[in-house]
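Here is the structure we will look at.
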Amino acid sequence: MNKQIILDAFLFRHACKEFDPQAHIPDEDFLFLLETARLSPSSFGFEPWQFLVIQDMELRKKLLPHTWGAQGQIPTASHFVVCLAMKTPLLKYDSPRIADFMRQVQKLPEDGIAARTKYFQTFQESDLRLLDNERAMFDWACKQCYIAMANMMTAAALIGIDSCPIEGFIREKVETVLEKEFDIDLEKYGLAYMLAFGYRLKAPRPKTRQNLDQIVRWL
Ligand SMILES: Cc1cc2nc3c(=O)[nH]c(=O)nc-3n(C[C@H](O)[C@H](O)[C@H](O)COP(=O)(O)O)c2cc1C
């Protein structure tokens with residue numbers, strides 16, 4: 001693979017503020033982006049995410065009042081993703097979901113499940129202290145969701161699709177909307193981020209970045 005093609009995609013990607021409302025991403029291309037999310041790595045492989053693709057404009061409008069960072073993107077994006085991160089009831093080492101996941105998705109034998117559960121317990125209890133509070137577990141899940149975000153944005157850029165990552169929202173308010181209007185169980189899921197996709201209307205501003213020697217230390 002030509003490295004310049006990849007760098008060109010990184011230069012093409014920018015946080016697109018407004019999309020061409022008439023330009024629709026072909027289904028096949030959007031499924032390709034979702035596939036890059038699906039194939040993204042996660043801690044222990046437990047995939048602590050769910051992606052809501054919000055195509056209903058009436059539903060999108062309900063997000064708008066609490067999402068100051070996407071005023072131009074929500075109404076114009078071809079596809080609009082809300083990424084939910086799992087919470088403790090779905091991620092704790094002894095939760096039914098984790099046992100089911102090891103059995104049904106990872107196809108582990110029963111003794112493998114027992115060994116991995118113990119390992120996962122130590123990891124959660126003492127290595128990363130994810131059980132100290134609900135927020136620690138949620139933030140750990142969010143970090144993993146962001147890997148899928150990056151992969152989707154890079155994959156999009158490689159095939160000429162624009163995107164914008166969005167954290168400009170009032171989480172509590174959006175979560176209330178998600179609970180009431182989208183039937184999301186907030187005991188189990190929280191809002192990680194939003195991600196808009198489409199095609200740019202305007203050329204982006206030139207990229208600003210520090211130089212490598214300002215961000216890297218070789219030791
Ligand atoms: C986690 C995250 C959250 C962001 N939230 C928003 C947002 O709410 N609205 C927005 O317009 N841009 C948002 N951005 C875009 C950044 O402002 C943008 O990536 C940064 O200024 C660099 O510009 P570039 O991506 O165009 O190179 C976000 C970026 C990241 C990574």
Side-chain angles (χ1 to χ4, degrees), residues 3-21 23 25 33-34 36-37 40-43 47-54 57 59-87 135-178 182 189-216:
K3 292 194 273 298
Q4 193 56 47
I5 292 176
I6 297 171
L7 281 182
D8 285 346
F10 275 84
L11 290 167
F12 171 88
R13 190 215 56 78
H14 68 290
C16 189
K17 305 296 177 198
E18 193 182 358
F19 301 94
D20 176 352
I25 299 172
L33 300 185
L34 291 177
T36 68
S40 294
S42 57
S43 185
E47 304 176 27
W49 45 56
Q50 188 170 84
F51 303 95
L52 309 177
V53 185
I54 318 287
M57 277 298 167
L59 284 178
R60 281 196 201 177
K61 274 189 201 149
K62 294 182 197 286
L63 302 173
L64 209 50
H66 316 299
T67 310
W68 51 266
Q71 293 295 300
Q73 295 91 336
I74 288 179
T76 61
S78 166
H79 289 71
F80 195 78
V81 175
V82 169
C83 177
L84 304 177
M86 291 182 188
K87 293 185 177 173
R135 185 66 193 234
M137 185 73 90
F138 176 64
D139 284 346
W140 174 68
C142 282
K143 284 194 272 185
Q144 299 170 61
C145 292
Y146 280 79
I147 300 172
M149 171 205 260
N151 286 339
M152 284 190 279
M153 292 195 301
T154 304
L158 278 163
I159 59 168
I161 292 173
D162 289 303
S163 61
C164 187
I166 296 145
E167 258 183 353
F169 47 68
I170 306 163
R171 179 178 271 136
E172 251 180 63
K173 293 233 160 103
V174 177
E175 286 185 341
T176 304
V177 172
L178 291 174
F182 296 66
Y189 294 94
L191 171 60
Y193 56 79
M194 301 173 188
L195 187 51
F197 294 99
Y199 298 96
R200 68 189 70 184
L201 269 180
K202 291 187 249 165
R205 285 181 308 181
K207 277 233 175 299
T208 59
R209 289 293 189 275
Q210 298 178 84
N211 294 326
L212 261 198
D213 60 7
Q214 293 171 291
I215 60 167
V216 180

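Computed from a predicted model, the values in this text were never measured in an experiment. First listed ligand is number 1; within each ligand, the first listed atom is number 1.
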Quick one: does ligand 1 sit under 4.0 Å from the side chain of Met153, the backbone, both or neither, non-hydrogen atoms only?
neither
Counting from 1 in the order shown, the ligand 1 atoms closer than 4.0 Å to a non-hydrogen atom of Tyr146 are 1 (C)
So, for atom 17 (O) of ligand 1, does the protein have a heavy atom nearer than 4.0 Å?
no
Using side-chain heavy atoms (C-beta onward) and a distance below 4.5 Å, is Leu195 in contact with Cys83?
no
Numbering the atoms of ligand 1 from 1, which are under 4.0 Å from a heavy atom of Lys17?
10 (C), 11 (O), 12 (N)
Ligand 1-proximal atoms of Cys164, by part, heavy-atom distance under 4.0 Å
side chain
Can you list the ligand 1 atoms lying under 4.0 Å from a non-hydrogen atom of Gly69?
7 (C), 8 (O), 9 (N), 10 (C), 11 (O)
For Lys207, does the NZ atom have more than 12 heavy-atom neighbours from other residues, nucleotides or ligands under 6.0 Å away?
yes
When you measure from atom 25 (O) of ligand 1 to the protein, is at least one non-hydrogen atom found at a distance under 4.0 Å?
yes
Does some non-hydrogen atom of Trp68 fall short of 4.0 Å from ligand 1?
no
Top protein contact for atom 5 (N) of ligand 1, by heavy-atom distance:
Glu167 N, 3.0 Å
Which residue and non-hydrogen atom of the protein lie closest to atom 19 (O) of ligand 1, and at what distance in Å?
Ala15 CB, 4.0 Å
If we number the atoms of ligand 1 from 1 as shown, the ones under 4.0 Å from a heavy atom of Ile166 are 5 (N), 6 (C), 7 (C), 8 (O)
Numbered atoms of ligand 1 (with element) below 4.0 Å of Gln73, judged on heavy atoms:
11 (O)
With atoms numbered from 1 as shown, which atoms in ligand 1 lie under 4.0 angstrom from a non-hydrogen atom of Arg13?
24 (P), 25 (O), 27 (O)
Starting from atom 31 (C) of ligand 1, what is the nearest protein heavy atom, named by residue and atom, and what distance separates them?
Pro165 CG, 4.1 Å
